[in-house]
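Predicted model, so just to flag it, every value in this text is computed and none were measured. Just so you know, ligand 1 is whichever comes first in the structure, and atom 1 is the first atom listed for that ligand.
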Amino acid sequence: MSVPLLRWGLVLLVCLLAPVGFAQDVKKAQKAKAKAPRLVRIHGGHRLHRDAAASFERMTAAARESGQSLLVTSAWRSYQQQRYLWRLYRKGKGAKAARPGRSNHNRGLAVDLVVGGELESPTYEWLAGNACRFGFRRTVASEPWHWEYRPRSTPAPGDGEDCLGRPVNVEPEPAPAVVRTDAS
Ligand SMILES: [Zn+2]
C-alpha cells in the first residue's frame with residue numbers, strides 16, 4: 001500500500017470512529033447527569049438533595065418552635081471537595097472523611113449540624129428525640145453532628161413517643177364537663 005493511500009485510510013478510519021466516540025461521550029454525560037443529585041439550596045447557602053432539603057427545612061421549622069436552631073456546617077459536597085477532605089484525613093490533618101464518592105454528603109443526603117460537641121446539648125437532645133419524624137438519623141457512631149436522610153430505614157416514633165421511645169409530653173385534656181340532665 002502506498003503512503004498517501006495509507007494516510008487517507010487512516011483519515012477515513014478516524015472519521016468513521018469519531019462519531020462512535022462522541023456518542024459514547026454523550027451517553028456518559030447523560031448517565032452522569034442522571035446520577036447527579038437534584039440539589040436544592042437550604043438555609044445558610046448549603047445544598048441538599050431536593051427530598052432531603054424539603055424534609056430538613058420542615059425539621060428546622062419544628063426545631064425553631066421548640067427553641068432550637070439547627071446550624072449547618074456542611075451538607076452536599078462535590079467529589080473534589082470530598083477528595084480534599086479525604087486527603088486531609090489520610091494525612092492526619094483533618095476530621096474523619098469518607099473516600100470520595102462513598103460519602104452521603106456527595107449525594108446530598110447528609111448534613112453536619114452544630115450540636116455543641118456534647119451529647120447533652122439541648123440541640124442534640126432535640127435531634128435525638130425528633131429527627132426520625134423527618135427521616136433523619138445518625139449513622140456514624142463517632143460523629144454526633146452527622147445526620148443522614150434515610151426515610152425508608154428510619155422508623156417513625158410510636159404513638160405518644162419520641163424517637164427514643166420516651167413518652168411525649170402531651171397537654172392533659174380538660175376534664176369533660178358534667179352535663180346534668182333533668183330526668184323529670
Ligand atoms: Zn458529615
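- Of the N and O atoms on the side chains of R83 and S78, not one donor lies less than 3.5 Å from an acceptor on the other residue.
- Judged as a ring-ring contact (aromatic ring centres under 6.0 Å, His included), and not counting sequence neighbours, H49 has no contacts.
- Of all N, O or S atoms in D112, the one lying closest to the Zn ion (ligand 1) is OD1.
- With sequence neighbours left out, R87 forms a salt bridge (Lys or Arg N to Asp or Glu O under 4.0 Å) with no residue at all.
- When the Zn ion (ligand 1) is compared with the N/O/S atoms of H105, atom NE2 turns out nearest.
- The N, O or S atom of H146 lying closest to the Zn ion (ligand 1) is ND1.
- For an aromatic pair to be called close, the ring centres must be under 6.0 Å apart, and Y79 with H105 fails this.
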